Amino acid sequence: RIIKAKWVDPTRSRCKATLKLNGLDEVGIVNKITEVVTNQMKMNIQSLNIHSEDGYFTGVLNVIVANKTQLEKLMLRLKKITSIKAVTRM
């Protein structure tokens with residue numbers, strides 16, 4: 001018996017990545033994060049949760065990435081936002 005195989009095109013494969021963001025809370029922080037993800041990196045956001053307390057925020061960002069290189073580039077760009085102090089992969 002012969003079964004026809006379908007190969008996955010690696011240029012079209014995508015996966016979900018979750019990032020944890022920590023930093024100083026400021027007006028417009030969500031806008032700055034979405035600007036980097038959607039406008040600069042041209043990526044889709046699956047979800048974004050931000051919790052703020054006592055002048056600090058913690059956020060969880062779920063994005064769809066093409067590969068590890070794209071994810072690392074996103075993390076570097078997010079770290080360049082002055083109020084973000086840490087970006088880690090979960």
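Source: prediction; values computed, not measured.
Here salt bridge (charged side-chain N to carboxylate O under 4.0 Å, His left out) pairs that include residues 21-40, with residues two or more places apart or in two chains, are E26-K32.
Taken from CG in L21 to OG1 in T58, the straight-line distance is 9.0 Å, to the nearest 0.5 Å. Taking NZ of K16 as the start and CG of N44 as the end, the distance is 13.5 Å to the nearest 0.5 Å. Interatomic distance, CG of N49 versus CZ of F57, reported as 12.5 Å (0.5 Å rounding). Atom CG of residue N22 and atom CD1 of residue I84 lie 9.5 Å apart, to the nearest 0.5 angstrom.
No more than 12 heavy atoms of other residues, nucleotides or ligands sit less than 6.0 Å from atom NZ of K20.
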Candidate pair L78 and L19, rule side chain to side chain contact (heavy atoms under 4.5 Å, CB included), full reasoning:
CA-CA 10 Å; L78 288 170; L19 299 176; 3.9 Å; yes

Assess the residue pair I33 and I50 against the criterion (side chain to side chain contact (heavy atoms under 4.5 Å, CB included)); give the C-alpha distance rounded to whole Å, side-chain angles, the decisive distance to 0.1 Å, and a yes or no.
CA-CA 11 Å; I33 293 168; I50 300 285; 4.1 Å; yes

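Using a 4.5 Å heavy-atom cutoff, the side chains of V36 and Q40 are in contact. Contact annotation: the side chain of L48 never approaches that of V60 to less than 4.5 Å [non-hydrogen atoms, C-beta and beyond].
Closest heavy-atom contact between Y56 and L24: CE2-CD2, 3.2 Å.
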Review item, side-chain donor-acceptor pairs of residues 61-77, under 3.5 Å, at least two apart:
unit_1: N62; atom_1: OD1; unit_2: T18; atom_2: OG1; d: 2.4
unit_1: N62; atom_1: ND2; unit_2: S47; atom_2: OG; d: 2.7
unit_1: N67; atom_1: OD1; unit_2: T69; atom_2: N; d: 3.2
unit_1: N67; atom_1: OD1; unit_2: Q70; atom_2: N; d: 2.8
unit_1: Q70; atom_1: OE1; unit_2: A66; atom_2: N; d: 2.6

